[in-house]
Amino acid sequence: MTHLFLRDVEVGGVRQHVAIADGRIVAIGPDLPQRGDAIDGQGGALIPGLHDHHIHLLATAAAADSIDLSDATDLAAVAARIAAIAALRPPGSWLRATHCPAPVAERLDRHALDRIAPRHRLRILDRTGALWILNGPALASVGDIAALEREAGGDATGRLWRGDAALRAAIGTVLPPLAPLGEQLARYGITAVTDTSVTTDPSAAAALTGAMPQRLTLMSGGPLIAPAGGGFAVGAVKVVPDERDPPSLDDFIARIAQARKWGRAVAVHCVTAFELALTLAAFAEHGARPGDRIEHGGVIPPAAIGEIAAMGLTVVTQPGFIAARGDRYLREVDPADRDDLYRCASLIAAGVPVLGSSDAPYGPLDPWLAMRTAVHRETAGGQRIGEGERIAPAQALGLYLERPALSVGMVANLCLLDVGLAQALTDLDARHVAATLIAGRIIWKSN
């Protein structure tokens, strides 16, 4: 039997000890005998591990190996960033760029990209993750993908909406390194993740299994079966009612019915008010059940809050977008609609279960940044959006906890902080994470 002893840690506001055996907490108290290796918590709070409830793991790992265009304000900036990397890569190799701002991406097509990188195969992903733009050499490599946007004469523009699966099939799967992402998540105290990619299939699931130490739940748009030996849990069926090309209500209802046949809940991508309205109409027609989720809730009009609560739907939100994109929202979103963005307090007050997440790589990965933003609703520029949606620090932390509290018998997925909980709640910051444990095994520890 493997033992670990956590000495002098704060649990429930009291400094005491925690004994772990074979991956589970077996005792919590002030006078426990030490067995096995010990960690001195020095009074730091011991809390359940954190869960990122909405992330795209392969895309996040790939983004770390891509050209970041998030601060490129015009075509010249895009060209300069890509040219700098292209100079280091042999002709004919692939270049992958991400997070291209929408006003810039709207002006890109194969011809613009050919001028930027004529000797490389270049593909650029816009900031939303919905639009790929490919240059001529890249198009020649992937062949005739049916979903490619076409010019009047029939030639491909290079623009491809929601084309991840088609590109993967054409290019082949080159897996990005996942171990560095697992380590970064561990540094944040994250012990569990839910990958919400609609394109996940058995091969992608196999690639993710065991690649990181975190407990893994996988969504998918199609059938998915958990391996007999564990490795991952199967989550909800993901539905993406893209506002650009939405499904009919009948088709949407059919997808919900199929998920029920598979014995699974449904999670629906809802960034816009239209997507949310269509989703609520589909659930009203077919019926919702516990575990059904609204992903993002980017825009939730006041009238929709009661409907969401009455249906028992969970909202999985990303407060970090207020920090990362809030200044742009202030420029582009009608002032009358800003209070509808990434709601939190009003949902909780209405009895709606709310979970926190990153939506990485499209949102910031750091859950502590998201917690601070949920508390203060501040943009990167120091402005506030939707002050009425602010929540208390303990509530913000609760959005991310795997479990509400520690208890004897639970699996020891834990986050040890270097300060007491009261101090941590006044300074929600990843630098306070001292150690992260999964099933009683230390997967990351600070100096």
Side-chain angles (χ1 to χ4, degrees), residues 50-63 98 125 127-130 162-165 168 176 178 181-182 185 188 190-209 211-212 214-226 231-243 247 252 255-256 258-259 262 264-272 275-276 279 282-283 288 290-298 313-321 324 342 353-367 370 399-400 402:
L50 307 184
H51 188 151
D52 188 330
H53 294 277
H54 183 121
I55 187 173
H56 304 273
L57 294 171
L58 290 173
T60 302
T98 61
L125 183 66
R127 181 155 41 198
T128 69
R162 300 285 179 197
D164 287 9
R168 187 184 305 118
L178 287 159
L181 175 58
L185 292 169
Y188 291 141
I190 293 175
T191 55
V193 292
T194 297
D195 186 285
T196 60
S197 304
V198 69
T199 55
T200 296
D201 57 16
S203 64
L208 290 168
T209 301
M212 302 186 308
Q214 283 75 20
R215 187 168 61 85
L216 184 61
T217 299
L218 299 181
M219 291 187 187
S220 65
L224 195 63
I225 299 174
F232 65 86
V234 175
V237 173
K238 181 76 175 289
V239 178
V240 183
D242 190 343
E243 185 171 8
F252 199 151
R255 297 185 199 185
I256 297 175
Q258 180 61 69
W262 290 332
R264 294 165 64 185
V266 176
V268 188
H269 168 99
C270 290
V271 171
T272 69
E275 291 167 350
L276 178 62
T279 297
F283 277 128
D292 289 340
R293 302 170 24 147
I294 299 295
E295 304 297 317
H296 309 297
L313 298 170
T314 295
V315 173
V316 183
T317 189
Q318 294 91 37
F321 278 132
Y342 294 97
V354 180
L355 301 174
S357 63
S358 66
D359 194 27
Y362 313 110
L365 186 63
D366 182 355
L399 299 179
Y400 292 87
E402 270 206 59

Check your understanding: Parallel, tilted or perpendicular for His56 and Tyr362, by the 30°/60° rule?
Key -> perpendicular
Practice item. Identify the two heavy atoms, one from Gly231 and one from Thr209, that lie closest to each other, and give their separation to 0.1 Å. Key: CA-CG2, 3.7 Å
Review point. Heavy atoms, side chains only, cut-off 4.5 Å: are Leu313 and Phe283 in contact?
Key: yes
Review point. Would a distance-only check, ignoring hydrogens and angles, find a side-chain to backbone donor-acceptor pair under 3.5 Å from Glu243 to Glu275?
Key: no
Review point. Within a strict 4.5 Å, meaning less than it, do heavy atoms of the Asp292 and Val268 side chains meet?
Key: no
Practice item. Determine whether Pro361 and Thr98 make a side-chain contact, defined as any pair of heavy atoms from C-beta on separated by less than 4.5 Å. Key: no
Review point. Can you tell me if Ser357 uses its side chain to pair, donor with acceptor, with the backbone of Thr317 under 3.5 Å?
Key: yes
**Study point:** Heavy-atom side-chain contact between Asp52 and Gln214 under 4.5 Å
**Key:** no
Review point. Under a 4.5 Å cut-off applied to non-hydrogen side-chain atoms, are Thr194 and His51 in contact?
Key: yes
Which donor-acceptor pairs under 3.5 Å do side chains of residues 233-240 form with protein atoms, sequence neighbours excluded?
unit_1 : atom_1 : unit_2 : atom_2 : d
Lys238 : NZ     : Thr196 : O      : 2.8

Exercise for review: List in chain and number order the residues that pass salt bridge (charged side-chain N to carboxylate O under 4.0 Å, His left out) with Asp201, two or more places apart in sequence or in another chain; answer none if no residue qualifies.
Suggested key: none
Check your understanding: Is the shortest heavy-atom distance from the side chain of His296 to the side chain of Asp359 under 4.5 Å?
Key -> yes
Review point. Taking only residues two or more places apart in sequence or in another chain, which ones pass side-chain contact (heavy atoms from CB on, under 4.5 Å) with Pro353?
Key: Thr314
Check your understanding: How far apart are the closest heavy atoms of Pro202 and Leu224, and which atoms are they?
Key -> N-CD1, 4.0 Å
Exercise for review: Can you see which heavy atom on Ala259 is nearest to which on Ala265, and at what distance?
Suggested key: CB-O, 4.1 Å
Check your understanding: With side chains defined as the heavy atoms from C-beta onward, is the minimum distance between Val198 and Arg162 less than 4.5 Å?
Key -> no
Check your understanding: Looking only at atom types and distance, does a side-chain atom of Thr199 sit under 3.5 Å from a main-chain N or O of Ala165, one as donor and one as acceptor?
Key -> no
Check your understanding: Pro176 and Leu58: which non-hydrogen atoms are nearest, and at how many Å?
Key -> CG-O, 3.5 Å
**Study point:** Arg215 and Glu402, any side-chain heavy atoms less than 4.5 Å apart
**Key:** yes
